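Predicted model only: the values in this text are computed from it and were never measured. Counting starts at 1 for both ligands and their atoms, in listed order. The residues of the chain are indexed from 1 along the displayed sequence.
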Amino acid sequence: MPSLSEAFRSHPVFLHHKHPDFTSLHELPDSYAWNTTSSPSPQPPSQRLQHDDVVPVVDLLDPNAPSSIAHACKSWGAFHVINHGIPNSLLRDIESAGSALFSLPPSHKLRAARPPDGVSGYGLARISSFFPKLMWSEGFTILGSPLHHFRQLWPHDYITYCDIVERYEAAMKKLAGKLMRLLLASLGISQADLQWAGPRGDFHGASAALQLNSYPACPDPDRAMGLAAHTDSTLLTILHQNNISGLQVLKEGTGWVTVEPLPGALVVNMGDLLHILSNGSYPSVLHRVMVNRTRQRFSVAYLYGPPGNVKISPHPKLVGPSRPALYRPVTWNEYLGTKAKHFNEALSWVQLCAPKNNKLFDVVVNENNSVQVG
Ligand SMILES: O=C(O)CCC(=O)C(=O)O
Ligand SMILES: [Fe+2]
């Protein structure tokens, strides 16, 4: 059975750009200048800070968490989570590991470069190949053990950094299981209704990858793009961001809304597979990242999905005569292949019939990353 890393390997993404030394760039090179008429910059604050336009906060200790989650998922496809049980010290540790990694000299980082047909390692965003302009960011993907790459990066200290990643992944896995139980409850499904949740309902066989992102300070942030608009291929993504804003989500009827960092909170994004499982009830959220003129931004995304070979389909409890299944069953491995080919249109390739109230398919992100909703 193919593992997740084999799935990535069999759908290589070839990036032909050399990785730059951002600190040496004092002007934005043309290859990084996104079309200004597509207005990649955030809306002015007056448009962003309306009362309804703040990503909701879900308190995991609140007995009403499932209904807050249902509301957040339907209207945003994302929420902040508090009282999540991840110690602040662990968030600080993973952030300093990311900061240490991205502060290494460029030639040193390239010792752990991601191979063209691989998924783990240092490099440009995998989605770069779908856009004509480059993104002002660098990333490091961890799938499986980071030992080999960390040895290249820190010949003396690799154990310290491996230990942080291991502790972070274990804590995230537990939190993701908890979020899955709440998400299912919010959809009226119990974990017993989902076979791969396992006898203890702990989603033990789930697969995941960790993505460290850095968005260096940028001399011309209004024309640059940190990470272009995309949805995640996951069931859900748990994101830790440092205290620099930049992440934006697209809210129907409003436009791009900045997800301001809340100290200690984590951001949870719905991915394409949860959209499929929910039979279209929960949109997978389109998001992107803007950059900052003076401050470097870091984020750590825990990309969480089912075991690579388990078929995900609209849950039978959410399908009926008046609500036909919108998608055909698909494994995460297969879906990653579809995404590698069709990117933001991947969902429509596994679609069976037109969704009723789902605007996702009406959203077109063009190559300048401007969005038409129609
Ligand atoms: O840096 C962020 O806030 C978002 C990162 C992201 O969307 C991703 O890694 O898929
Ligand atoms: Fe993402």
- Message: Parallel, tilted or perpendicular: which one describes the rings of His275 and Tyr327, with boundaries at 30° and 60°?
- Response: perpendicular
- Output field: ring centroids Phe131/Phe343 closer than 6.0 Å: yes
- Task: Decide whether a cation-pi geometry holds between Lys251 and Trp256; the criteria are a distance under 6.0 Å from NZ or CZ to the six-membered ring centre and an angle within 45° of the ring axis.
- Result: no
- Among side-chain atoms of Ser186 and Arg181, is any donor-acceptor pair under 3.5 angstrom? no
- Task: Among all protein heavy atoms, pick out the one at the shortest distance from atom 9 (O) of ligand 1; state its residue, atom name and that distance to 0.1 Å.
- Result: Asn213 ND2, 3.2 Å
- Item | Contact partition for Arg297 relative to ligand 1, non-hydrogen atoms under 4.0 Å | side chain
- Enumerated ligand 1 atoms positioned under 4.0 Å from heavy atoms of His287: 7 (O)
- Message: How far is atom 6 (C) of ligand 1 from the closest protein heavy atom, and which atom is that?
- Response: Leu227 CD2, 3.5 Å
- For residues Trp136 and Tyr215, establish whether the separation of their ring centroids is below 6.0 Å. no
- Filtering His240, His230, Gln248 for the heavy atom nearest atom 10 (O) of ligand 1 leaves His230
- Note on the structure: Any heavy atom of Leu239 under 4.0 Å from ligand 1? The part involved is side chain
- Message: Closer than 2.8 Å to the Fe ion (ligand 2), what protein N/O/S atoms do you find?
- Response: His230 NE2, Asp232 OD1, His287 NE2
- Atoms in ligand 1 flagged as close to Ala301, the criterion being non-hydrogen separation under 4.0 Å: 9 (O)
- Atom indices of ligand 1, in the order listed, that fall short of 4.0 Å to a heavy atom of Val289: 1 (O), 2 (C), 3 (O), 4 (C)
- Message: Contact between ligand 1 and Arg288 is defined here as a heavy atom of the residue under 4.0 Å from a ligand atom; is it met?
- Response: no
- Aromatic centroids of Tyr122 and Phe140 separated by under 6.0 Å: no
- Query: Does a side chain donor of either Asp232 or Thr234 reach within less than 3.5 Å of an acceptor in the other side chain?
  - Reply: no
- Determine whether the side chains of Ser96 and Ser99 contain a donor N or O and an acceptor N or O closer than 3.5 Å. no
- Should Asp93 and Arg167 count as an ion pair when the cut-off is N to O under 4.0 Å? yes
- Query: Are a donor atom and an acceptor atom from the side chains of Asp272 and Thr231 found within less than 3.5 Å of each other?
  - Reply: yes
- salt bridge (charged side-chain N to carboxylate O under 4.0 Å, His left out) contacts in which one or both residues fall within residues 192-213, not counting sequence neighbours: Asp193-Lys317, Arg200-Asp202
- Query: Are the aromatic ring centres of Trp154 and Tyr158 under 6.0 angstrom apart?
  - Reply: no
- Before signing off on this row, confirm whether Gln211 and ligand 1 have an N or O atom pair separated by under 3.5 Å. no
- Is it the side chain, the backbone, both or neither of Val267 that has a heavy atom closer than 4.0 Å to ligand 1? neither
- Query: In terms of atom number and element, which parts of ligand 1 are under 4.0 angstrom from non-hydrogen atoms of Asp232?
  - Reply: 10 (O)
